[in-house]
J.: 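Handing you this structure, nothing more for now.
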Amino acid sequence: MHRLILKKIYTFSIIGGQRKISHSVGRKLCSFISSSSSCISKVCSGLRHKSRSASQTKSVKNMAMNMENSSKDLVNEVDHVDMLDASFDAYEGVIINIKNDMDENVFTALLQTSISQWRQQGKKGVWLKLSLEHVNLVKPAVKEGFWYHHAEPTYAMLVYWIPETNHTLPPNASHRVGVASFVVNNNGEVLVVQEKSGAFKGTGVWKLPTGTVEEIDTEFMEVLAFRQSHKSFFSKSDLMFVCMLKPTSLDIEKQDSEIEAAQWMPVEEYANQAFVKKHKSFDYIAKICIAKKDNKYVGFSPLLTTTASSAKKSYLYSNYQLEQ
């Protein structure tokens, strides 16, 4: 009498309320179980005949062993399904890195699990860069809520906003244009802010309001200077204009989602901050602003310098002759 021992196959693992098993893996597992049941029925039927030869008995044992090994392989495949490979930027954003070919169903399952985890981590914008080889993932990404941001000859960039708020992702263009606002009141004080995100988060540095901003309640006076850096943002050029603005009110109403604090500060006090003194581009801009306040500003000329976040050379345009 021969005994055939059947082991139970555990197939699912739950993370964040979602199944880690992919549809393709599930189909393989179901197909395996279906075929295995058929084989088991045949084996059990055969075992009723006592005339089994030694070779047939060995074949049955090998079949059972192969079935057990196959079940382990499938369970291991399920257990290795995890989150998508990604990195994080300084603005609570996520950049997904798709390096290898991927089945659409597997990608969808991983994407859903990943977004669920990133939501719990407080992440915001998700950037999905798909090369031509991974164009099959565009459709499932769009079904999950992604939309097109921009495209180049070798890739398409899709984006997704996790919070239930209006997104603040920057729009695409051939150049990214930012503004540094030199807002001076009649008391000779400049408007300065501390930021909640980015390179200045938690540094305590007071800086001019900067960024790709919406309209603010001021009167435009003139452009004092501008900086240009090529291939700075997703291979696009970066332009930062220093604009002199006149406030229409001394009342400050800050944007709570991005600004930690805001206040009026004497221009000289702003310029004498250790951080400003340390970084040439900030020091140049501070001196230009002081010169303008003192009616000593005369126009544009290029000044080769670097930024606070990069050692790459860029030009700051001004006609103020700085002391060497």
Side-chain angles (χ1 to χ4, degrees), residues 15-20 22 81-99 102-132 134-152 154-179 193-202 209-216 232-240 253-262 309:
I15 287 185
Q18 297 187 16
R19 291 181 176 178
K20 291 174 63 181
S22 69
V81 176
D82 205 349
M83 293 174 63
L84 290 169
D85 182 26
S87 58
F88 304 135
D89 61 27
Y91 299 92
E92 305 299 334
V94 181
I95 303 172
I96 299 177
N97 307 305
I98 303 296
K99 299 178 181 178
M102 189 178 298
D103 176 81
E104 295 178 23
N105 293 322
V106 173
F107 170 77
T108 298
L110 291 176
L111 185 60
Q112 292 173 347
T113 300
S114 299
I115 290 178
S116 176
Q117 294 296 313
W118 295 331
R119 180 177 288 107
Q120 294 178 27
Q121 296 168 12
K123 300 303 179 182
K124 297 179 179 178
V126 182
W127 299 86
L128 174 60
K129 183 178 181 180
L130 296 176
S131 63
L132 294 177
H134 304 134
V135 69
N136 65 305
L137 302 181
V138 170
K139 187 174 182 179
V142 171
K143 285 184 176 180
E144 291 302 315
F146 280 76
W147 69 90
Y148 293 115
H149 185 268
H150 66 272
E152 295 292 345
T154 59
Y155 74 88
M157 182 71 75
L158 287 79
V159 291
Y160 179 88
W161 187 249
I162 296 176
E164 295 181 356
T165 61
N166 293 330
H167 80 82
T168 58
L169 297 171
N172 180 61
S174 60
H175 285 64
R176 183 178 71 162
V177 178
V179 175
V193 299
Q194 291 181 346
E195 296 180 343
K196 282 187 174 181
S197 61
F200 293 95
K201 177 182 178 180
T210 61
T212 52
V213 298
E214 297 179 357
E215 294 182 357
I216 58 177
S232 174
F233 182 75
F234 290 126
S235 300
K236 304 300 183 182
S237 296
D238 182 80
L239 291 171
M240 172 65 74
E253 185 176 344
K254 69 182 181 70
Q255 184 185 26
D256 291 332
S257 63
E258 296 186 3
I259 303 301
E260 183 68 34
S309 58

J.: Starting at OG1 of Thr154, measure out to CG of Leu130 and round the result to the nearest 0.5 Å.
T.: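 The OG1 atom of Thr154 sits 11.5 Å away from the CG atom of Leu130.
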
J.: If you look at every heavy atom in Ala141 and Leu128, which pair is closest and at what distance?
T.: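 For Ala141 and Leu128, the tightest heavy-atom pair comes out as CB-CD2, 3.7 Å.
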
J.: Among residues two or more places apart or on two chains, list those pairs meeting salt bridge (charged side-chain N to carboxylate O under 4.0 Å, His left out) that have a residue in residues 108-125.
T.: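 Qualifying pairs: Glu92-Lys123.
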
J.: Nearest 0.5 Å, what's the CD-CG distance between Glu104 and Leu137?
T.: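 One finds 6.5 Å between CD of Glu104 and CG of Leu137.
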
J.: Identify the two heavy atoms, one from Val193 and one from Ala262, that lie closest to each other, and give their separation to 0.1 Å.
T.: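 Residues Val193 and Ala262, closest heavy atoms: CG1-CB, 3.9 Å.
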
J.: By salt bridge (charged side-chain N to carboxylate O under 4.0 Å, His left out), which residues pair with Asp89, not counting sequence neighbours?
T.: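 For Asp89 there are no salt bridge (charged side-chain N to carboxylate O under 4.0 Å, His left out) partners, ignoring immediate neighbours.
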
J.: Closest heavy-atom contact between Ser197 and Tyr91?
T.: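 Looking at all heavy atoms of both residues, the closest pair is OG-CD2, 3.6 Å.
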
J.: Without swapping roles, check the side chain of Asp238 against the backbone of Gly178 for a donor-acceptor pair under 3.5 Å.
T.: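 No, the answer is negative, given that no donor and acceptor are paired below the 3.5 Å cut-off.
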
J.: Side-chain atoms of residues 157-164: list all donor-acceptor pairs with protein atoms under 3.5 Å, sequence neighbours left out, distances to 0.1 Å.
T.:
{"residue": "Trp161", "atom": "NE1", "partner": "Thr165", "partner atom": "O", "Å": "3.2"}
{"residue": "Trp161", "atom": "NE1", "partner": "Thr165", "partner atom": "OG1", "Å": "3.1"}

J.: Please enumerate all residues that pass side-chain contact (heavy atoms from CB on, under 4.5 Å) together with Ser87, with sequence neighbours excluded.
T.: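 Expected list: Ile95, Asn97.
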
J.: With sequence neighbours left out, write down each residue that passes side-chain contact (heavy atoms from CB on, under 4.5 Å) with Ala261, or none if nothing qualifies.
T.: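 Testing Ala261 for side-chain contact (heavy atoms from CB on, under 4.5 Å), a comparison that skips the adjacent residues, returns Gln194, Trp206.
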
J.: Check the pair Leu84, Ile98 against side chain to side chain contact (heavy atoms under 4.5 Å, CB included), reporting the backbone distance first and the verdict last.
T.: CA-CA 8 Å; Leu84 290 169; Ile98 303 296; 4.2 Å; yes

J.: Step through the shown structure and confirm whether more than 12 heavy atoms of other residues, nucleotides or ligands are within 6.0 Å of OH on Tyr148.
T.: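 Counting neighbours around OH of Tyr148, 12 or fewer heavy atoms of other residues, nucleotides or ligands fall under 6.0 Å, so no.
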
J.: Step by step, would you call Lys143 with Thr108 a side chain to side chain contact (heavy atoms under 4.5 Å, CB included)?
T.: CA-CA 9 Å; Lys143 285 184 176 180; Thr108 298; over 6 Å; no

J.: Taking side chain to side chain donor-acceptor pair (under 3.5 Å) as the test, write out the residues that go with Glu195, two or more places apart.
T.: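 Here the qualifying residues are Lys207.
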
J.: Please name the pair of heavy atoms, one in Lys196 and one in Ile259, separated by the smallest distance, quoted to 0.1 Å.
T.: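 That would be CE-O, 3.6 Å.
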
J.: Quick one: list whatever passes side chain to side chain donor-acceptor pair (under 3.5 Å) with Ser131, sequence neighbours left out.
T.: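 Once residues adjacent in sequence are excluded, the partners of Ser131 under the side chain to side chain donor-acceptor pair (under 3.5 Å) criterion are Glu133, His134.
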
J.: Only counting residues at least two apart or in another chain, list the ones meeting salt bridge (charged side-chain N to carboxylate O under 4.0 Å, His left out) with Lys254.
T.: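 By the salt bridge (charged side-chain N to carboxylate O under 4.0 Å, His left out) rule, Lys254 matches Asp256.
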
J.: Just wondering, do Phe146 and Leu111 contact through their side chains at under 4.5 Å, heavy atoms?
T.: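 A side-chain contact exists here, since the closest heavy-atom pair is under 4.5 Å.
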
J.: Using 0.5 Å steps for rounding, measure from the CG atom of Asp85 to the NZ atom of Lys99.
T.: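 If I round to the nearest 0.5 Å, the distance is 4.5 Å.
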
J.: Tell me whether the rings of His149 and Trp127 are parallel (<30°), tilted (30 to 60°) or perpendicular (>60°).
T.: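 Perpendicular, since the angle between the ring planes exceeds 60°.
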
J.: For Glu144, which residues count as a side chain to side chain donor-acceptor pair (under 3.5 Å) partner, sequence neighbours excluded?
T.: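 With neighbours one apart ignored, the set is Gln112.
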
J.: Verify the neighbour count for atom CD of Gln121: are there more than 12 heavy atoms of other residues, nucleotides or ligands below 6.0 Å?
T.: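 Above 12, so yes.
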
